[in-house]
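In what follows, a structure is listed as structure tokens, so that the remarks can point back to it.
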There are 2 protein chains.
Amino acid sequence: MSGANELRSRVRAHGKRVTPQRQLVLDAIRAAGGHVTTNEIFTHVSAAASSVNRTTVYRNLDFLCEMRLVVAAQIGGKMYYEIAGEEPHHHLVCRHCDSVGEISHRTVKALFDKIEREQSFVVDMDHLALFGLCAECRHTVSKPKLRTRRKRGG
Amino acid sequence: MSGANELRSRVRAHGKRVTPQRQLVLDAIRAAGGHVTTNEIFTHVSAAASSVNRTTVYRNLDFLCEMRLVVAAQIGGKMYYEIAGEEPHHHLVCRHCDSVGEISHRTVKALFDKIEREQSFVVDMDHLALFGLCAECRHTVSKPKLRTRRKRGG
DNA sequence: TAGGCAGTTGCAAATAGTTGCAATAATGCC
DNA sequence: GGCATTATTGCAACTATTTGCAACTGCCTA
Ligand SMILES: [Mn+2]
Ligand SMILES: [Mn+2]
Ligand SMILES: [Zn+2]
Ligand SMILES: [Zn+2]
């Protein structure tokens, strides 16, 4: 099951509706082919249908995440969205050079499984962002400026 | 080294300054004895010194996190702050009942170590929040409503 | 202790994201 | 297709947070 129909079936299964706005938001993310910001998505949607309200875009981004069709993560103070692949994936973000690396779900899942065994808590995160120092900066930098800045969201 | 002097020494070491506002924010978090919201912190600070500006509180929350004297995490749409203990700790947040459990650093560190070995990336997160289904809800709930809502931060 | 530099603060204005609500429009059913 | 039901949308008001900037004040040095 691919593309457009993925939206239809997934949404219907939850008693929700398929709307053109919803499609446009999903298309915008799909078109980006990777991590896109809220603003880039809104711009792309606007280009296709200028009447779509910003609020609607925000709401549908939340919606698509709930439907698990899209994954999100806050990196460097911005929220990034991306089409959810068959297999989840995660990221390693360098606090010093802002590089964004990837890490397989397999690696991370080991922890999730351990948590499930030890505490019966089922972790279901499909797009984690872990911060730290990348291989390069680790050697280059003597006294890394640890940007810990987190957006509060409001 | 404890309390008030921890602030002094840690801040000085970074060429930064100790100000009464800074102390007040730290005191407010310390007084709470656990997770506190931005707003609770501001209220507490205001009670002690009504002249302190909200912006200053925001800025010092970021600052104290950078100094690693305070840790933060976004849970349920709100940012929570807490005094950083000697040993980091992390949380397990249920998407269904919103309960917030704890998980030791030891458990999580296993993953961080593996990442360091495999990718030479040094993860340094000291207050991670992992979302999923708690032991109770896991049994109780058949079709959990997965609240994936994430604040975008602005 | 006085003076100066750089880090901080308060204020006002700008942003970004959220919420309530009435108007619309997908769906399901006849 | 026509109709009822209810999810969704667009708007406008509102809230929370961020930013620029000039005034202020720790803290180092002489
Ligand atoms: Mn990604
Ligand atoms: Mn905590
Ligand atoms: Zn780096
Ligand atoms: Zn629960």
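Note that the coordinates shown come from a computational prediction; the quantities given were computed from them, not determined experimentally. A note on names: the letters A, B, ... follow the listed sequences, proteins ahead of strands, and every chain is numbered from 1.
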Q: Can you figure out which of D:dA16, C:dA16, D:dT9 approaches the side chain of B:Tyr58 most closely?
A: D:dA16

Q.
In terms of relative ring orientation, are A:His35 and A:His89 parallel, tilted or perpendicular, with 30° and 60° separating the classes?
A. parallel

Q: Check whether any side-chain N or O of A:Arg22 sits under 4.0 Å from OP1 or OP2 of D:dT8, and answer yes or no.
A: yes

Q.
Let me spell it out: for each of B:Val18 and B:Thr38, pick the nucleotide of DNA chain D with the closest heavy atom. Which residue's pick is nearer the 5' end?
A. B:Thr38

Q. Quick one: is A:Gln21 getting a side-chain N or O under 4.0 Å of the C:dA25 phosphate, OP1 or OP2?
A. no

Q.
In whole Å, I'd like the distance from the CZ atom of B:Arg8 to the C1' atom of C:dG7.
A. 15 Å

Q | Spacing between A:Arg17 atom CZ and D:dA7 atom P, to the nearest angstrom | A | 6 Å

Q: Could you check how far NZ of A:Lys78 sits from C1' of C:dG17, rounded to whole Å?
A: 15 Å

**Q.** B:Arg54 (side chain) and D:dA16 (base): donor-acceptor pair under 3.5 Å
**A.** no

Q: Check whether the side chain of A:Arg59 and the base of C:dT18 form a donor-acceptor pair under 3.5 Å.
A: no

Q) Reckon B:Asn39 touches a base, only the sugar-phosphate, or nothing at all at heavy-atom distances under 4.0 Å? A) nothing

(Q) If only side-chain N and O atoms count, and only distance matters, is there a donor-acceptor pair under 3.5 Å linking B:His90 with B:His127? (A) no

Q) Between B:Arg12 (CZ) and C:dT8 (P), how many Å, whole number? A) 11 Å

Q: Measure from CG on A:Leu24 to P on D:dG10 and round the result to the nearest Å.
A: 10 Å

Q.
Under 4.0 Å, heavy atoms only, any strand: does B:Thr19 hit a base, just the sugar-phosphate, or nothing?
A. sugar-phosphate

Q. Think A:Thr56 has a side-chain N or O under 4.0 angstrom from the OP1 or OP2 of D:dG10?
A. yes

(Q) Output the rounded distance in Å from CG (B:Asn60) to P (C:dG7). (A) 15 Å

Q: Mark yes when over 12 heavy atoms from residues, nucleotides or ligands other than A:Lys114 sit less than 6.0 Å from its NZ; otherwise mark no.
A: yes

**Q.** Separation of D:dA16 P from B:Glu40 CD (nearest whole Å)
**A.** 13 Å

Q) How close or far is atom C1' of D:dA7 from atom CD of A:Glu66, stated in whole angstroms? A) 13 Å

(Q) Can you confirm whether B:Glu118 is buried at CD, in the sense that more than 12 heavy atoms of other residues, nucleotides or ligands lie under 6.0 Å from that atom? (A) yes

Q | A:Lys16 side-chain proximity, nearest of C:dG17, D:dG26, D:dT8 | A | D:dT8

Q) So, B:Arg68 and B:Asp124, do they make that salt bridge, N to O below 4.0 Å? A) yes

Q: Please state whether the phosphate of D:dC11, meaning OP1 or OP2, lies under 4.0 angstrom from any side-chain nitrogen or oxygen of A:Asn53.
A: yes

